[in-house]
Each structure stands twice: as C-alpha cells, then as structure tokens.
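Okay, structure first, notes after.
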Amino acid sequence: MSVKIFVAFLCAAIGTGLGFTVSRLYAKTSKYYLSVLELITELKRNIAYRRDSVASVMKGFKAGSERLGTQIAEYLAFVSTKNGELKLSRGFLSSSSFSDIVGFFSSLGRADGDGQEKDLDMYYKKFEADYAAATEKSKKYGPLAIKLGFLFGLCLGILFL
C-alpha cells in the first residue's frame, strides 16, 4: 500500500513539475519581449545622439533574455561576414513572432537615421503589444499551468491506486 501512495505522490510531483515548466515558458516569453523593447530603446537613443553603428551598440547591449542574447550573437556573426542570409534561432517563439523578429533584425542598418527611427518605432509598437499579450498570458496561465499539472498528476496517481 505504501508503494501505491508513493507512486501517487510521485505522479503529483511530476505533474507539478511539468506545470511549472510551462509556467516558466510563459515567463520567458514575457522577459524576451521586454528585452527586445529595451534593445529598441537603446538603438533609438543611439541614433538620436551618438550615431554609433548598430553592431557596436549590440555588442555593448546586455540582453535580459538568453534567447535574445543568442540572436544578437547570430546577427553580429551575420554582419561580420556580410554574406549569405540572416539565420536566427527560433527557440520558443511562435512562427509569426519569429518572422517579426527576423524582419526586425533584417531592417537594422538598412536605412538612414530618420528611416531607421521610423522602422524602430513601428517595431517597438508591435513588440510592445506582443509584450503586453505575453505578460497577460503569463499572469493568467502560469499559475493555472502549475495547478492543472498538479491535478493531472494527482488524478493519474489516484488511478494507480
């Protein structure tokens, strides 16, 4: 009997762990968009005052998201070779979000200062909406995923009893 109870608790713990993993994915998405917004703000500030190259600004930028840091490194590698096609890792992003990110990185350094500021403003508005949606989703579904994971694991454990 004690083995069955242990299995029930183990199933509940595994379900809770899976729910926590899903919750962290929602939080990562929100943090990613916040980092993108910070990058755009830094680029706009640079265009307005210092006028350094995009690559030098990105080299000095400390991304708050690991995924964005990887994408910046991939972009810098692309810029340094200046051949081929820009290839970024997708990670946890949806296909529409990923195409927006690729469009954002592809647009960098392609226009003069005024044109670049307009592009950055457009992308800022887009990513600001994505950030708001991701934050709302994280607040709403993050705790729910943990609870549902626990309940699913508990139900599975009860079935083993």
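Quantities reported herein were computed from a predicted structural model and do not represent experimental measurements.
- Scored by the ring pair (Phe, Tyr, Trp, His ring centres under 6.0 Å) test, Y33 finds no partners at all (sequence neighbours excluded).
- In terms of modelled atom types and a separation under 3.5 Å, the side chain of Q71 and the main chain of S89 share a donor-acceptor contact.
- Salt bridge status for R45 with E42: present, with a side-chain N to carboxylate O gap under 4.0 Å.
- The minimum heavy-atom distance linking R67 with R90 is given by the pair CD-O, 4.1 Å.
- A 4.5 Å side-chain heavy-atom check between I72 and F105 finds at least one atom pair inside the cut-off.
- Here the closest heavy-atom approach between residue F98 and residue L88 is recorded as CZ-O, 3.2 Å.
- Taking a cutoff of 4.0 Å between a charged side-chain nitrogen and a carboxylate oxygen, K126 and D130 qualify as a salt bridge.
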Task: Step-by-step side chain to side chain donor-acceptor pair (under 3.5 Å) determination, S97 to S94 - done: CA-CA 5 Å; S97 296; S94 67; 3.1 Å; yes
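- Placement of L156 and I158 in two distinct hydrophobic clusters is found when ILVMFWY residues are connected by side-chain heavy-atom separations under 4.5 Å, directly or transitively.
- A donor-acceptor pair under 3.5 Å links the side-chain atoms of T135 to the main chain of Y131, judged by distance alone.
- Counting only distance, with no hydrogens or angles, the side chain of S65 and the backbone of K31 share no donor-acceptor pair below 3.5 Å.
- For the residue pair M58 and L108, the shortest heavy atom distance occurs at CE-CD1, 3.1 Å.
- For F20, the CZ atom is loosely surrounded, since the number of other residues' heavy atoms within 6.0 Å does not exceed 12.
- A heavy-atom distance below 4.5 Å is not found between the side chains of I5 and F160.
- Under the 4.5 Å side-chain heavy-atom criterion for ILVMFWY residues, a single connected hydrophobic cluster contains both M122 and L120.
- For the atom pair K125 NZ and L37 CG, the distance stands at 13.0 Å (nearest 0.5 Å).
- Side-chain N or O atoms of S30 include none that pairs as donor or acceptor with a backbone N or O of A27 at under 3.5 Å.
- Listed by chain and residue number, nothing satisfies the ring pair (Phe, Tyr, Trp, His ring centres under 6.0 Å) test with F61 (two or more places apart in sequence, or in another chain).
- The closest side-chain heavy-atom distance from F150 to L18 is not below 4.5 Å.
- To the nearest 0.5 Å, atom CG of residue D119 and atom OH of residue Y123 are 6.5 Å apart.
- One hydrophobic cluster, built from ILVMFWY side chains closer than 4.5 Å, holds both V57 and F104.
- Placement of I101 and L68 within a single hydrophobic cluster is found when ILVMFWY residues are connected by side-chain heavy-atom separations under 4.5 Å, directly or transitively.
- For K44 and Y124, the positive end sits near the middle of the six-membered ring, less than 6.0 Å away and at most 45° from its axis.
- A distance-only check finds a donor-acceptor pair linking the side chain of S106 to the backbone of V102 [under 3.5 Å].
- Residue L151 holds its CG atom at 12.0 Å from CD1 of I146, rounded to the nearest 0.5 Å.
- Counting heavy atoms from C-beta outward, C11 and V7 have side chains that approach closer than 4.5 Å.
- The two residues S23 and P143 make their nearest non-hydrogen contact at OG-N, 4.5 Å.
- Here Y26 sits in one hydrophobic cluster together with V22, Y141, L144, L148; the rule is ILVMFWY side chains under 4.5 Å apart, joined directly or through other members.
- Under the 4.5 Å side-chain heavy-atom criterion for Ile, Leu, Val, Met, Phe, Trp and Tyr, L93 and L86 are members of the same hydrophobic cluster.
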